[in-house]
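What follows is a single structure, written as structure tokens, with notes after it.
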Amino acid sequence: MLKTIIVGASGYTGAELALYIAKHPGLELAGLYVSENSQDQGKPISALYGKLLGVVDQIIQPLATADIPAACEGIDIVVLATAHEVSHDLAPHFLAANTTVFDLSGAFRVKDSAFYEKFYGFTHQYPDLLEKAVYGLAEWNAEAVKGTDLIAVPGCYTTTALLALKPLQQAGLIKTGVKPTINATSGVSGAGRKASTTSSFCEVSLQPYGVFTHRHKPEIDAHLGTPVVFTPHLGSYKRGILASINVVLKEGVTPEQVQEVYEQAYQHEPIVRLLKGSYPAIKNVEGTPFCDIAWAQDGEDLVIFSATDNLLKGASSQAMQCINIKFGFPMTTSLI
């Protein structure tokens, strides 16, 4: 059994991970941690999330940097469900303790140090770790995930968009010089568990935000290999993302070619579902690890629809996919 701990366990993604790890036949949930100033320390995680009652009742413990060596004794896997700056500071300590780190923040997703100053507001201190980190888009980077001990798990918007666009980009079907346009709407759980007016139920309305400034735009650019136009929207519902993506295809690309590149990309990927005769709906992916993809074509114009659960395929279940890949478990272990 691989002993696993979660840091940032009291958040939404931490709770989902606790459940996945508890169900996994090859993992042992060996500790749940939060910052030493967190109000959640000392509580059973099931007191925060009732669905875990009788399944995961472990006490959430405080963790200071000085405590990391002791917390890592006998530990194989560390999952960081923490803020970007926190993951940036903690990951080197866990790596020094010979654990494999799966980081759900954006702290190691892009190899350019300048990206963090511009889009995250802090100076990255570990360029060597940026080079070492592997982007954990499970369906596309499986071999690289196997060869590192620092996996930067992609977030919800980027996962939903990249899974839809990468087959076309890799096959060279997108018209040169025309940017794919991504319009995506996320449930408010993407903002995290901390209370704020922005994500208050009474305040939330369907609206765009981060227009031309959202940090996931340059992340998509970097991992797709071509620039995009990305506009995120906040939806008045809990969880799930639906992306509608407009692409101009190269002249002469047929529907059969589009179908073929998607089938070749995902025919052996059980978490990606290619829909026929219907379009993705959030209700069909909510609470599941799946990404549902469908498309419609009119000449050179292609519209792709992609849906995920932002807390699962956009965070926790993708981390679990990467754990399964890294340690040789079947891809869907504990997920399906």
Side-chain angles (χ1 to χ4, degrees), residues 16 137-140 154-171 173-175 178 180-190 204 206-208 216 220 224 228-250 253-318 320-321 331-332 335-336:
E16 297 288 355
L137 190 63
E139 285 74 19
W140 289 89
C156 49
Y157 281 127
T158 52
T159 294
T160 308
L162 287 171
L163 289 176
L165 285 168
K166 280 187 76 70
L168 301 172
Q169 177 66 10
Q170 292 289 303
L173 300 188
I174 299 175
K175 189 171 184 177
V178 182
T181 300
I182 304 163
N183 290 290
T185 303
S186 174
V188 294
S189 57
V204 169
L206 179 60
Q207 62 189 77
H216 283 170
I220 295 169
L224 183 61
V228 301
V229 178
F230 171 61
T231 307
H233 298 72
L234 181 65
S236 50
Y237 56 92
K238 279 186 182 181
R239 57 197 293 173
I241 282 183
L242 178 65
S244 299
I245 305 171
N246 296 87
V247 173
V248 179
L249 299 169
K250 289 183 176 178
V253 173
T254 66
E256 290 76 19
Q257 286 176 283
V258 173
Q259 179 76 29
E260 183 180 4
V261 300
Y262 278 108
E263 289 184 352
Q264 286 183 347
Y266 296 128
Q267 61 183 331
H268 301 301
E269 300 294 345
I271 297 299
V272 177
R273 303 188 295 196
L274 303 179
L275 306 185
K276 296 180 180 179
S278 63
Y279 295 119
I282 286 174
K283 69 177 182 179
N284 295 331
V285 295
E286 182 182 3
T288 82
F290 296 112
C291 176
D292 285 356
I293 298 175
W295 59 90
Q297 183 176 350
D298 182 13
E300 295 180 0
D301 294 317
L302 184 74
V303 184
I304 316 160
F305 304 97
S306 181
T308 63
D309 186 312
N310 58 298
L311 298 179
L312 299 183
K313 183 56 176 165
S316 300
S317 69
Q318 182 141 255
M320 183 55 65
Q321 279 184 267
M331 174 77 80
T332 59
L335 298 178
I336 300 175

Tell me whether the count of non-hydrogen atoms from other residues, nucleotides or ligands lying under 6.0 Å of OH in Y266 goes above 12.
yes

Compare all side-chain heavy atoms of L249 with those of V258 and state whether any distance is below 4.5 angstrom.
yes

Minimal non-hydrogen separation, Q318 against P154, with atom names
NE2-CD, 3.5 Å

Quick one, W295 with L274, criterion side chain to side chain contact (heavy atoms under 4.5 Å, CB included). Give me CA distance, side-chain angles, the key distance, then yes/no.
CA-CA 9 Å; W295 59 90; L274 303 179; 4.2 Å; yes

The single option from D309, T308, N310 passing side-chain hydrogen bond (donor to acceptor under 3.5 Å, both in side chains) against R239
D309

Atom pair NZ/CG of K175 and L302 - distance to nearest 0.5 Å
14.0 Å

Check whether any side-chain heavy atom of L275 lies under 4.5 Å from a side-chain heavy atom of P280, and answer yes or no.
yes

How long is the straight-line distance from CG of L224 back to CD1 of I174, given to the nearest 0.5 Å?
6.0 Å

Is the closest side-chain heavy-atom distance between V253 and E300 below 4.5 Å?
no

Roughly how far apart are E260 CD and Q267 CD, rounded to 0.5 Å?
10.0 Å

For P270 against M331, the heavy-atom pair lying closest together
CG-CG, 4.3 Å

So which atom in G235 and which in V188 form the shortest heavy-atom distance, rounded to 0.1 Å?
O-CG1, 3.5 Å

Determine whether V285 and R273 satisfy the following criterion, side chain to side chain contact (heavy atoms under 4.5 Å, CB included), listing intermediate values before the conclusion.
CA-CA 10 Å; V285 295; R273 303 188 295 196; 4.2 Å; yes

What's the shortest heavy-atom distance between A265 and W140, and which atoms?
CB-CZ2, 4.1 Å

P289 versus K313: any side-chain heavy-atom pair under 4.5 Å?
no

Within the 4.5 Å heavy-atom criterion, are I336 and F290 side-chain neighbours or not?
yes

Please round to the nearest 0.5 Å and tell me the distance separating atom OG of S186 and atom CG of L311.
8.0 Å

Working to the nearest 0.5 Å, report the span between CD of Q321 and CG of L312.
10.5 Å

Testing the basics here: between Y279 and A294, what is the closest heavy-atom pair and its distance to 0.1 Å?
CD2-CB, 3.9 Å

So, taking the atom named OG1 in T160 and the one named CD1 in I241, what distance separates them when rounded to the nearest 0.5 Å?
4.5 Å

Within the 4.5 Å heavy-atom criterion, are L173 and K250 side-chain neighbours or not?
no

Compare all side-chain heavy atoms of L206 with those of Y237 and state whether any distance is below 4.5 angstrom.
no

Taking H233's backbone N and O only, do any of them form a donor-acceptor pair with T185's side chain (distance below 3.5 Å, no angle check)?
no

side-chain hydrogen bond (donor to acceptor under 3.5 Å, both in side chains) with Q259: which of Q257, E263, E256?
E263

Please verify the inter-ring angle class for H216 with F230; under 30° counts as parallel, over 60° as perpendicular, anything in between as tilted.
tilted

Tell me, do I304 and Y262 make a side-chain contact under 4.5 Å, heavy atoms counted?
yes

Could you go through the side chain to side chain contact (heavy atoms under 4.5 Å, CB included) check for V303 and I245 one step at a time?
CA-CA 5 Å; V303 184; I245 305 171; over 6 Å; no

Side chain to side chain contact (heavy atoms under 4.5 Å, CB included) partner of I182, the single match among I220, L162, T231
I220

Can a donor-acceptor pair be found, under 3.5 Å and without considering hydrogens, that links the side chain of Q297 to the backbone of G299?
yes

Taking all heavy atoms of L163 and all of I293, pick out the closest pair and write down the distance.
O-CD1, 3.6 Å

Report, as yes or no, whether the 6.0 Å neighbourhood of atom NZ on K166 holds more than 12 heavy atoms from other residues, nucleotides or ligands.
yes

